[in-house]
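Below: one structure, written as structure tokens.
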Amino acid sequence: RSAAVGKGRVNFPFPYTPYSIQEDFMANLYDVLEAGKVGIFESPTGTGKSLSLICGALSWLRDFEEKKKQEEARLLADEHSGQDKQQQPTSCSAEASNCQGSAGELVWITEFMQKKEEQAMVDRLKEEQIRRKKREDRLEKIRHNVQLKYASKRKRLEDDETQRLLQLSKEILSTELGSDVLEQLDHEEEELILAEYESDEEKKGRQTALLEFLQSSFSFSSQIYYCSRTHSQLAQFVHEVQKSPFGEEIRLVSLGSRQNLCVNEEVRHLGAVQLINDRCVEMQKNKHEESEGKKRRVSRAVCPFYSYEQMQFLRDEVLVKVKDIEQLVALGKETKACPYYGSRYAIPAAQLVVLPYQMLLHESTRCASGIKLKDQVVIIDEAHNLIDTITCIYSAEVRGSQLCCAHSQLLQYMERYRKRLKAKNLMYIKQILYLLERFVSILGGNVNQNPNAQSISQAGTELKSINDFLFQSQIDNINLFKLFGFVERYGATSVVKINKEKQKMAGLQNFLLTLHQGPDKGEFRCRVEDGQPKMASPLMQIEGFLSALTSANQDGRVILNRQGTVAKSSLKFLLLNPAVHFAKVLKECRAAIVAGGTMQPVSDFREQLLSCAIGADRVVEFSCGHVIPPDNILPIILCSGPSNQQLEFTYQKRDLPHMMDEMGRILGNLCNVVPGGVVCFFPSYEYEKQVYTHWEGTGLLTRLATKKKIFQEPKKANQVEQVLAEYTKCIKRCSQVGGHVTGALLFSVVGGKMSEGINFSDDLGRCVVMVGMPYPNIKSPELQEKMAYLDKTMPRTAGQPPSKMLIENLCMKAVNQSIGRAIRHQKDFASILLVDHRYARPSVFNKLPQWIKERTEIKYTFGLAFAALRKVSQKPPEGDGRALC
């Protein structure tokens with residue numbers, strides 16, 4: 001059932017009658033977008049945040065485009081009336097003509113310039129109208145004309161048949177020629193010689209040119225860019241759009257990585273992201289050379305899906321009907337068109353662009369994807385970890401083994417092709433070799449020796465400013481900006497060729513990968529280390545680090561981590577000021593929304609991301625309550641245990657046997673009265689293992705197992721789904737069969753795989769227990785440097801230094817994420833137990849989400865807490881059970 005609700009003067013279409021908090025959310029969202037401000041929106045999970053975002057933002061977009069059309073019509077009407085008036089002399093013009101001297105000349109010039117600007121605006125509006133009309137007519141034609149689709153499909157079949165016959169002819173020819181073809185392969189080494197690099201005024205690449213050409217046929221619309229953390233979250237959002245009242249009319253495009261969107265099996269099977277990217281770029285190059293008629297001794301693979309006609313058809317299909325990533329891939333396979341590029345060509349005409357964090361927040365990725373944020377709206381969902389995300393995106397680490405490997409391979413390339421390389425390229429390669437040599441040297445090693453055999457005499461961690469690192473490395477006289485441009489160009493676009501018989505790779509970077517050092521260097525071979533991503537080029541391993549070194553001195557630090565051997569040691573750039581990168585997004589866009597289920601505490605967003613980019617008056621905060629009745633949730637701060645022992649799980653006290661025993665007694669009592677599932681969060685994997693081992697020795701686990709089957713969160717991500725499936729199956733079986741075992745007990749870790757994105761709804765999470773306060777490790781060099789940076793650059797808050805506020809905020813963000821796992825819809829009910837008396841402190845208590853804080857009870861004795869828990873567990877509340885997203 002669809003409903004439309006009016007809030008003030010705005011009409012918000014909605015798939016059903018919304019809750020009052022959803023109406024408030026949409027109204028406040030609309031106001032922020034209309035005023036061009038930055039909004040921090042908090043809406044608890046289970047309150048319909050996604051739908052509120054969709055209906056609120058798209059209602060604003062609908063009204064904005066309507067106002068824009070009305071304004072265009074008014075200006076064009078004024079232009080027509082102005083032309084009529086020009087036929088008649090006016091008193092002003094007569095008066096201006098009689099003016100003499102410099103004043104008269106200034107009036108005449110001013111009037112002339114104003115008329116010129118007005119005419120230019122009218123011309124732009126006319127051109128925009130023509131483009132919009134052409135776009136709408138084309139999409140409408142595709143939407144209703146089935147014959148176009150059949151014609152496109154017939155053309156695809158004809159192309160497939162032509163390609164098959166061509167391949168058959170090549171195979172016959174290859175068989176007849178035999179060894180002559182193999183001899184010609186050696187001549188391809190000519191293509192390993194780099195073209196001359198132009199660092200200052202580099203010509204646009206073919207890919208960019210085609211992107212601009214295809215995008216130019218559709219002018220940019222008024223747009224909303226929606227981004228979230230994972231592809232699954234983006235897919236869920238798209239499904240909500242499809243179900244919304246805007247699902248039929250909105251032009252939406254979903255963007256993703258090549259790894260998610262590539263439909264060429266020859267490329268997909270490479271597996272590693274960088275290999276897929278490099279292979280794709282090389283196939284494009286081959287395609288363009290083929291289309292330009294360049295002669296080649298040996299034919300090379302081109303991507304059959306990289307076809308302008310078919311990508312144009314896919315682009316139009318994407319705009320006609322809303323599709324998520326999976327549907328986009330299916331369409332690409334059906335139409336024989338590349339979804340990765342086809343979706344990008346649809347960006348200008350799209351009204352809603354859905355994309356992952358990386359594409360929006362990383363500037364070079366944003367530009368390469370054809371994303372233009374100027375005067376558009378940006379919505380960042382699941383934004384509770386936005387600061388960490390930006391910090392991670394712009395930080396970079398390179399290991400000693402990678403540095404030695406890159407030096408070895410690049411040196412052999414230079415020696416082999418020295419006489420054929422352009423002078424400028426040779427200079428850049430020598431500079432890179434010198435840089436690599438200095439980087440290894442500052443770690444305490446020698447680039448000409450096996451890094452695995454070189455021991456580090458003084459192991460430890462050292463932090464340096466960027467300038468100090470450059471001076472100590474003796475590379476402060478090298479232009480890193482130009483050098484990075486060289487590495488970015490030749491390190492990213494590698495030549496990766498596949499021979500179907502031998503799977504042999506050739507080309508610049510892959511030629512380098514086959515090289516290894518001789519006996520004089522300890523037979524060191526460059527190989528992919530366990531758990532490390534495969535790189536098609538050794539230059540790719542240092543590209544990110546070189547880019548980071550071009551940051552402003554005050555915005556980051558370089559961490560020298562010397563561990564055992566040179567191979568295990570590393571150089572890491574740590575970004576301290578994420579605001580400098582987020583400011584670029586805010587500067588371009590019209591308005592921005594950062595939203596999440598638990599945004600508290602928001603002081604981090606204001607101080608670390610927004611304060612240096614925009615004024616405080618431009619920031620708006622909105623937080624709504626939950627749709628559940630007050631009795632459906634019981635948050636308790638427990639100050640003492642069953643034996644009246646004060647509960648304080650500090651780093652110094654939590655390892656004490658009597659503290660772990662007290663926690664065991666608490667869980668034992670809970671498992672006796674709480675039905676279904678109990679989720680218990682520990683501060684770390686190490687502490688969870690320590691407590692588990694202790695309880696195993698005391699026999700507590702055996703006693704707990706008589707009431708709840710015990711599960712542990714696995715460290716490996718690929719095992720999480722299996723554990724969750726078994727946990728769910730156990731609880732459902734217990735609720736159906738009955739008996740002594742009433743459910744399951746799951747031991748999880750704050751910040752682990754199950755503390756975010758996992759729904760413990762209904763019986764899966766009737767009680768969430770938080771053991772202690774999960775403060776971060778303040779001995780971490782990275783955190784210490786961040787604390788020192790904030791104390792130096794940020795003002796004190798309520799007498800507290802910024803570093804202390806940072807520690808508390810990091811702790812409470814993690815707590816809020818974990819305890820928000822339980823309540824997922826209006827009929828759901830659960831209890832939350834915060835086991836530590838420090839939660840009762842005002843500075844900590846006030847950082848809880850508002851909807852939890854206002855219902856939290858502080859219990860100083862276990863007896864009172866247990867009575868309240870028994871009551872909420874044995875008397876399920878009433879509710880309408882409407883599940884929300």
Side-chain angles (χ1 to χ4, degrees), residues 460-461 601 636-670 679-698 700-701 704 712-713 715 747-752 755 768-788 790-791 798-819 832-848 856 858-862 865:
T461 301
I636 291 177
I637 295 174
L638 185 60
C639 298
S640 61
S643 62
N644 292 325
Q645 185 168 240
Q646 187 182 57
L647 299 170
E648 185 176 329
F649 288 86
T650 59
Y651 192 77
Q652 295 78 15
K653 295 182 179 180
R654 68 184 189 182
D655 296 340
L656 298 174
H658 65 267
M659 190 62 71
M660 291 187 280
D661 291 338
E662 192 76 343
M663 187 63 234
R665 285 188 284 269
I666 293 170
L667 273 183
N669 281 282
L670 284 179
V679 183
C680 183
F681 284 101
F682 291 90
S684 66
Y685 284 104
E686 292 73 20
Y687 187 59
E688 186 265 341
K689 183 179 179 181
Q690 182 182 354
V691 172
Y692 189 92
T693 304
H694 178 77
W695 288 346
E696 206 171 29
T698 62
L700 177 69
L701 284 183
L704 288 175
Q712 286 180 279
E713 177 181 326
K715 276 192 174 183
F747 293 149
S748 298
V749 175
V750 176
S755 62
V768 175
V769 181
M770 179 64 61
V771 180
M773 298 186 69
Y775 283 109
N777 180 15
I778 59 172
K779 294 183 180 180
S780 160
E782 290 95 333
L783 186 56
Q784 286 183 345
E785 196 64 28
K786 180 77 173 180
M787 292 165 65
L790 291 178
D791 283 341
Q800 298 288 341
S803 56
K804 184 176 180 181
M805 299 293 291
L806 171 70
I807 297 300
E808 275 195 357
N809 288 347
L810 289 173
C811 170
M812 291 310 295
K813 278 184 183 294
V815 169
N816 293 341
Q817 276 300 305
S818 299
I819 63 178
I832 297 171
L833 201 60
L834 303 175
V835 186
D836 199 306
H837 77 95
R838 291 175 293 169
Y839 283 107
R841 295 174 181 171
S843 62
V844 176
F845 182 79
N846 289 329
K847 288 182 170 67
L848 289 169
T856 299
I858 301 175
K859 302 293 185 182
Y860 293 98
T861 62
F862 181 76

Taking the side chain as C-beta and beyond, is there a heavy-atom pair between Ile778 and Tyr651 under 4.5 Å?
no
**pair Val844-Arg838: side-chain heavy atoms closer than 4.5 Å** = no
The side-chain hydrogen bond (donor to acceptor under 3.5 Å, both in side chains) partners of Ser780 (sequence neighbours excluded) come to Glu782
Nearest heavy-atom approach of Gly772 to Tyr839 is O-OH, 2.7 Å
Paired with His658, the side chain to side chain contact (heavy atoms under 4.5 Å, CB included) test is passed by just one of Gln645, Met663, Lys653, namely Gln645
**OP:** Taking the side chain as every heavy atom from C-beta outward, state whether Ile666 and Val769 have any pair of such atoms under 4.5 Å apart.
**Re:** no
Mind checking whether Val771 and Arg654 have side chains closer than 4.5 Å, heavy atoms only?
no
- Task: Kindly indicate whether the side chain of Met812, heavy atoms from C-beta on, has any atom under 4.5 Å from the side chain of Met773.
- Result: yes
For Leu656, look at atom CG and say whether over 12 heavy atoms of other residues, nucleotides or ligands are found less than 6.0 Å away. yes
So the salt bridge (Lys or Arg N to Asp or Glu O under 4.0 Å) pairs with at least one residue in residues 805-819 (sequence neighbours excluded) are Glu808-Lys847
Any side-chain heavy-atom pair of Cys639 and Gln646 under 4.5 Å:
no
- Message: So does Phe681 get a backbone contact from the side chain of Ser748, meaning a donor-acceptor N/O pair under 3.5 Å?
- Response: no
Applied to residues 688-697, the salt bridge (Lys or Arg N to Asp or Glu O under 4.0 Å) test, sequence neighbours excluded, yields none
In terms of heavy-atom contacts, Ser803 and Met787 come closest through CB-CB, 3.6 Å
*Just wondering, do Asn644 and Phe862 contact through their side chains at under 4.5 Å, heavy atoms?*
no
Do the non-hydrogen side-chain atoms of Phe747 and Val691 ever get within less than 4.5 Å of each other?
no
